[in-house]
*Asks:* 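First the structure, then my questions, so here it is.
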Protein chains: 2
Amino acid sequence: MKLQQLRYIVEIQRQGLNVSEAAESLYTSQPGISKQVKLLEDELGVAIFERSGKRFTGVSEPGKVVLEIAERILREAENLKRASSEFATGSSGRLVLAATHTQARYALPVVVRDFVAQHPDVKLEMHQGSPIQIAEWVVAGEADIGIATESLDQYQQLITLPIRQWTHCVIAPEGHPILESQPLSLNELAKWPLITYDTAFTGRSRINRAFERIGVQPNVALTALDADVIKTYVSLGLGLGIISALAFDAQRDTGLVAIDAAHLFESNTTRLALRRGTYLRRYDYDLISLFAPHLSKRVVEMAMQGGGDEYQL
Amino acid sequence: MKLQQLRYIVEIQRQGLNVSEAAESLYTSQPGISKQVKLLEDELGVAIFERSGKRFTGVSEPGKVVLEIAERILREAENLKRASSEFATGSSGRLVLAATHTQARYALPVVVRDFVAQHPDVKLEMHQGSPIQIAEWVVAGEADIGIATESLDQYQQLITLPIRQWTHCVIAPEGHPILESQPLSLNELAKWPLITYDTAFTGRSRINRAFERIGVQPNVALTALDADVIKTYVSLGLGLGIISALAFDAQRDTGLVAIDAAHLFESNTTRLALRRGTYLRRYDYDLISLFAPHLSKRVVEMAMQGGGDEYQL
DNA sequence: ATGTAGCGTAGCTGTTGGAGTTTCATGGAG
DNA sequence: CTCCATGAAACTCCAACAGCTACGCTACAT
């Protein structure tokens, strides 16, 4: 059994059972792969793939088990390389951070600044995307750390850790009549056109749920992917905005007023996602600790080990 | 990176950093190993071993991490072979069960009989040993399943599951004066010479602790590794026996009387030990379920996954 | 000082992984 | 039904390399 052979079968599966494509993506020849697959199957004594004639048509029952274990082995092999390259290159390296707009724009700048100062030799890359994209990047190993408020709990292969809680706030242009009605209620809010986040972004699900619970259909005039766009349209008078309280800055956002809405919508928890079983380098831990001081190396290790038991904020 | 290279470095560590011995135990030549180690170190960019001149004198810091991951990879590779050989050979295979005398003699016979009937093609091997030996066999992968009452919780690499609780009983020759004193007390017991298990066997620690707690020094005249020996000497009138209640059978053990001692000594829990991260075959699960019906495949899988969270009887 | 255990180096060889080309099987379009 | 496109297997060939033997060198013990 060779690591190479395992790489081949995993890649064949990834390419939808097409050996030629697998060969291409691994920069080798199709016959070479065919041969190695055959050798592996002979050695293990089981057929990994189902064939009809010369086509691969499926993964056999034993093949499923074999592929699963093979993937684990390859992941560990990846870890081995990561771990030793960390030692080899000292503090230098590359860290890919995947985050949503909200996090990238409002929460991460300070963290990134401090991290870059602490680790000048680490190339920090930020990938911005939707929560689902973020989760998938982390699962695929394309990102080392993912940060988002939604969707991260859907993936069995992710370990997620709570970073911080936050609530929504309502923003209105100065002088808007709603500013008179204190305290703010959902019914009051529903009378106005609303501008808020797109589905599956930044706590949008909590907003929907709040209105659903009182049986009121909000008038969502416009949805956007980020608070900056929302703020722009609120300034233009198109409606009231509902955004993360993290995203409002009284200094900068002139002409706008924020009203706390913690009592209207459930609070949200920003979470950090790591791929289960991945080796974390010193600077991975450092970035996490910078972002969430309560997540010490020890706490993160526990979560990676335990898997099941959830760390509570 | 090749699996072979990982095997080499792990074996070097196992053989106390002696490359020549590692070569011998892997049936290959010393220069071959030296060369592969060097290649691996070059590829990873780190020195795995510390050398003084041409001697290997230690494992470097990165080497520790590398070796740890390498061991995981090799274990998974082992799992892959086990898994596919299970499919390849159908229901046949080999299962090594390590147990103490008490278990092998009194608890396992029924289980083994049923298992053999269920799986005529599986070669069942029993290794009898001390609890510590059992634990080490399982850790080393020499035994698939270990069963004992003591010591199993000392090993981080083992998953242990509770099988059943049992208590001790006192055995005496018929007509012995102690049979008059009901209920039995520790102080009463301490007046007679006692015959019981050797240290670290079958709940002996509980026996010691009970006497310690009341500050009485028991007169242990003889210790043995198993209940059969103890019973023999009790029959000869050398003293009173303290054995597992499992080991007494009123039918067979004529001339002896057992007195329940559940109120004198803490109860003991027989545990089953598996190596963390090992692939279990269908018949491994079957044997476990036969022995402990509450340990269904699902429960065992949970324990293997979770690791931390303990299943309670 | 000297012997020995034990690793590295050199050179050789058999094995094998992979490239290139050809052949064969399948399934879909006309 | 025929023909063609797709895609896997078969075969040959070659370069790379793992591993072996022989030998030299270093560290350490006596």
Side-chain angles (χ1 to χ4, degrees), chain A residues 1-60 62-63 66-67 70 73-74 77 80-81, chain B residues 1-60 62-63 66-67 70 73-74 77 80-81:
Chain A
M1 188 194 325
K2 308 269 164 65
L3 282 176
Q4 193 74 325
Q5 297 172 331
L6 302 184
R7 265 182 222 117
Y8 288 171
I9 59 170
V10 167
E11 190 61 27
I12 289 174
Q13 189 191 34
R14 251 191 219 138
Q15 299 293 339
L17 304 177
N18 186 319
V19 176
S20 305
E21 279 181 34
E24 197 167 332
S25 91
L26 291 173
Y27 307 106
T28 182
S29 69
Q30 169 265 313
I33 296 202
S34 289
K35 193 170 160 189
Q36 292 308 316
V37 171
K38 199 162 167 31
L39 280 173
L40 181 62
E41 288 185 329
D42 285 350
E43 180 182 344
L44 296 179
V46 297
I48 295 168
F49 298 104
E50 285 166 353
R51 298 151 166 92
S52 91
K54 294 196 169 185
R55 305 280 168 124
F56 282 31
T57 54
V59 176
S60 71
V66 168
L67 280 163
I73 294 179
L74 295 176
L80 209 162
K81 281 199 204 127
Chain B
M1 188 194 320
K2 308 267 166 62
L3 282 176
Q4 194 72 320
Q5 297 171 332
L6 302 184
R7 263 182 224 117
Y8 287 174
I9 59 170
V10 167
E11 190 60 28
I12 289 175
Q13 188 190 35
R14 251 192 220 138
Q15 299 292 339
L17 304 176
N18 186 322
V19 177
S20 307
E21 280 181 33
E24 197 167 332
S25 90
L26 292 173
Y27 307 106
T28 182
S29 70
Q30 169 266 314
I33 296 204
S34 288
K35 193 170 162 190
Q36 292 307 316
V37 171
K38 200 164 164 33
L39 279 173
L40 180 62
E41 288 186 328
D42 285 351
E43 181 183 343
L44 297 179
V46 296
I48 296 169
F49 297 104
E50 285 165 354
R51 297 153 166 92
S52 88
K54 295 193 170 188
R55 308 283 168 115
F56 283 33
T57 54
V59 176
S60 71
V66 168
L67 279 162
I73 293 179
L74 294 176
L80 208 161
K81 279 197 206 129

*Asks:* Going by heavy atoms in the side chains, are A/Asn18 and A/Ile12 under 4.5 Å from each other?
*Replies:* no
*Asks:* Strictly below 4.0 Å: does B/Ser20 bring a side-chain N or O up to OP1 or OP2 of C/dA5?
*Replies:* no
*Asks:* What is the distance from CD of B/Gln4 to P of C/dT15, rounded to the nearest Å?
*Replies:* 16 Å
*Asks:* Find the distance between CG (A/Leu26) and CD (A/Gln15) and round it off to the nearest 0.5 Å.
*Replies:* 8.0 Å
*Asks:* Quick check: on DNA chain D, is the nucleotide nearest B/Pro31 upstream (toward 5') of the one nearest B/Leu39, or the reverse? Name the residue that is more 5'.
*Replies:* B/Leu39
*Asks:* Specify the separation, in whole Å, of atom CG of A/Leu26 and atom P of C/dA19.
*Replies:* 11 Å
*Asks:* Taking atom CD of B/Glu11 and atom CG of B/Leu74, what is their separation to the nearest 0.5 Å?
*Replies:* 10.0 Å
*Asks:* Ignoring hydrogens and angles, answer whether the base of C/dG8 and the side-chain atoms of B/Gln30 contain a donor-acceptor pair closer than 3.5 Å.
*Replies:* yes
*Asks:* Does D/dA9 have OP1 or OP2 sitting under 4.0 Å from an N or O in the side chain of A/Ser34?
*Replies:* yes
*Asks:* Can you measure B/Leu3 atom CG to C/dG17 atom P for me and round it to whole angstrom units?
*Replies:* 13 Å
*Asks:* Whole Å only: how far is the CD atom of B/Glu50 from the C1' atom of C/dC7?
*Replies:* 17 Å
*Asks:* Between D/dG19 atom C1' and B/Ile33 atom CD1, what is the distance in whole Å?
*Replies:* 10 Å
*Asks:* Are any of B/Thr28's side-chain N or O atoms less than 4.0 Å away from OP1 or OP2 of D/dC20?
*Replies:* yes
*Asks:* Just call it for A/Phe49: base, sugar-phosphate, or nothing, with non-hydrogen atoms closer than 4.0 Å on any strand.
*Replies:* nothing
*Asks:* Which nucleotide in the list C/dG17, D/dA9, C/dA19 gets nearest to the side chain of A/Gln36?
*Replies:* C/dG17
*Asks:* What is the distance, to the nearest angstrom, from the CG atom on A/Leu40 to the P atom on C/dG18?
*Replies:* 13 Å
*Asks:* Is there a side-chain contact between B/Glu43 and A/Lys81 (heavy atoms, below 4.5 Å)?
*Replies:* yes
*Asks:* Using a distance-only criterion (donor-acceptor N/O pair, under 3.5 Å, no hydrogens), is the base of D/dA8 paired with the side chain of A/Arg51?
*Replies:* no
*Asks:* Starting at atom CD of B/Glu43, determine the distance to atom C1' of D/dC17, rounded to an integer number of angstrom.
*Replies:* 14 Å
*Asks:* On a heavy-atom basis, which atom in B/Ser29 and which in B/Ala23 lie closest, and how many Å separate them?
*Replies:* C-CB, 3.6 Å
*Asks:* Does B/Lys35 contact D/dG19 through a side-chain donor or acceptor facing the base, at a distance under 3.5 Å?
*Replies:* yes
*Asks:* Could one point to a donor on the side chain of B/Arg55 or the base of D/dA27 with an acceptor on the other under 3.5 Å away?
*Replies:* yes
*Asks:* Between A/Lys38 and D/dA9, does any side-chain N or O lie under 4.0 Å from OP1 or OP2?
*Replies:* no
*Asks:* Establish, with yes or no, whether the OP1 or OP2 oxygen of D/dC20 is under 4.0 angstrom from a side-chain nitrogen or oxygen of B/Tyr27.
*Replies:* no
*Asks:* Looking only at the side chain of B/Asn18 (C-beta and beyond, no hydrogens), which of the listed nucleotides C/dG6, C/dG18, D/dA18 gets closest?
*Replies:* C/dG6
*Asks:* Can you check the A/Gln15 CD to D/dA8 P distance for me, whole Å?
*Replies:* 11 Å
*Asks:* When you check the side-chain N and O atoms of A/Glu24 and A/Ser20, is any donor under 3.5 Å from an acceptor?
*Replies:* no
